[in-house]
2 protein chains.
Amino acid sequence: MKQKDFYSIHSDVCKTLANPKRQEILDNLRQKEMTVNELVKKTGISQANLSQHLAILRAKGIVSDRREGINVYYSISNPKIIEAFDLISEVLQEGLSTRSKTIQAAIKRKS
Amino acid sequence: MKQKDFYSIHSDVCKTLANPKRQEILDNLRQKEMTVNELVKKTGISQANLSQHLAILRAKGIVSDRREGINVYYSISNPKIIEAFDLISEVLQEGLSTRSKTIQAAIKRKS
DNA sequence: TTATCTCATTAAAATATTCGAATAAATTTA
DNA sequence: TAAATTTATTCGAATATTTTAATGAGATAA
């Protein structure tokens with residue numbers, strides 16, 4: 001494999017995380033698995049759109065799905081994704097460039 | 001700040017990392033600061049395009065710049081970005097979904 | 001079977017990203 | 001000041017992503 005391919009694969013994973021709705025989905029799944037319907041209620045994202053985002057996360061192996069009767073439960077496949085999530089939070093806390101104190105405080109409160 | 005804003009800021013950072021050329025730039029800067037020209041020679045990316053990507057990284061505070069005479073030196077602002085980079089590599093190594101053994105081996109060799 | 005509930009897929013429109021080409025700006029040297 | 005070198009910006013075209021709306025598909029219960 002060429003070095004450039006490595007960067008492509010690498011950035012593909014980041015691309016999958018590079019969407020606010022998918023961030024929200026992952027943050028909701030960090031503690032426990034959830035059904036699509038639970039996620040709809042929790043996030044306010046439409047069912048169809050949620051399903052699309054879950055398909056993207058699923059395709060990259062970031063979440064796993066498990067059908068139980070009429071429901072499908074989603075969970076995070078690899079806990080390192082959550083570590084990466086938290087690492088980004090830390091970078092933000094440490095004052096990534098010109099963000100205001102207010103936003104930084106809010107980030108700190110949230111995480 | 002609303003929770004949703006948090007996810008937006010979060011995904012903004014990921015979006016900045018979600019490009020193979022920017023991954024390559026960051027990987028080159030991980031050891032030492034470099035001038036734009038050095039990066040042009042090392043990566044083969046055109047000067048204008050490289051400058052565009054550096055502007056994006058700069059705007060998000062991921063890299064810092066320092067002018068010295070005619071040259072501008074770029075470096076990584078926060079080492080946690082590199083930690084995140086490496087964490088993604090680990091996730092890839094751990095066999096994110098359906099990737100072939102070949103690609104995984106190549107990733108392991110590289111990192 | 002039919003109705004219902006949950007979830008997935010498709011197509012089309014709106015939006016965002018990336019790149020090359022041209023050009024501008026900053027610094028040094030002659 | 002003019003020329004040369006290094007880096008930055010702008011614009012437009014091509015491409016990719018995201019969203020809404022409509023529809024399909026699987027499971028359960030009546």
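We name chains A, B, ... by the order of the sequence lines, and we start the count at 1 in each one.
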Separation of [N] [atom2] from [X] [atom1] (nearest whole Å):
X	N	atom1	atom2	answer
Leu17(A)	dT18(D)	CG	P	12 Å
Asp65(A)	dA8(C)	CG	P	7 Å
Asp12(B)	dT17(C)	CG	P	8 Å
Ile25(B)	dT18(C)	CD1	P	11 Å
Leu57(A)	dT18(D)	CG	P	11 Å
Leu50(B)	dT7(D)	CG	P	9 Å
Leu54(B)	dT18(C)	CG	P	14 Å
Arg67(B)	dA25(C)	CZ	P	14 Å

From [options], pick the nucleotide closest to the side chain of [X]?
X	options	result
Arg58(B)	dT18(D), dA8(D), dA8(C)	dA8(D)
Ile70(A)	dA8(C), dG26(D), dT7(D)	dG26(D)
Asn37(B)	dT20(D), dC7(C), dT6(D)	dT6(D)
Lys21(B)	dA22(C), dC7(C), dC19(C)	dC19(C)
Ser51(B)	dT18(D), dT18(C), dT9(D)	dT9(D)
Gln52(A)	dT7(D), dT20(D), dA8(C)	dT20(D)
Ser46(B)	dC7(C), dT19(D), dG20(C)	dG20(C)

[N] phosphate, OP1 or OP2, under 4.0 Å from [X] side-chain N/O:
X	N	answer
His53(B)	dT17(C)	no
Arg22(B)	dT18(C)	yes
Asn49(B)	dC19(C)	yes
Tyr74(A)	dA8(C)	yes

field: Reported CD-to-OG distance for the pair Gln23(A) and Ser89(A), which is rounded to 0.5 angstrom
entry: 8.0 Å

- line: The residue, Asn71(B) or Ile56(A), whose nearest nucleotide of DNA chain D is more 5′ is Asn71(B)

field: CA sep, side-chain torsions, deciding dist, call: Arg66(B), Glu68(B), salt bridge (Lys or Arg N to Asp or Glu O under 4.0 Å)
entry: CA-CA 6 Å; Arg66(B) 172 177 82 77; Glu68(B) 194 177 301; 2.6 Å; yes

- prompt: In terms of side-chain heavy atoms, does Ser64(B) have a donor or acceptor partner in Ser75(B) at a distance below 3.5 Å?
  reply: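 No, no side-chain donor-acceptor contact under 3.5 Å.
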
- prompt: Mapping Lys41(A) and Lys15(A) onto DNA chain C by nearest heavy atom, which one lands closer to the 5' end?
  reply: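 The answer here is Lys41(A).
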
message: Between Asp86(A) and Lys80(B), does any side-chain N to carboxylate O distance fall below 4.0 Å?
response: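 No, Asp86(A) and Lys80(B) are not salt-bridged.
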
query: When you check the gap from the basic side-chain N to the acidic O, do Lys42(A) and Asp27(A) get nearer than 4.0 Å?
result: no

- prompt: Does the side chain of Val13(A) come within less than 4.5 Å of Leu92(B)'s, by heavy atoms?
  reply: yes

message: Regarding Tyr73(A), tell me which of base, sugar-phosphate or nothing describes its non-hydrogen contacts under 4.0 Å with the strands shown.
response: nothing

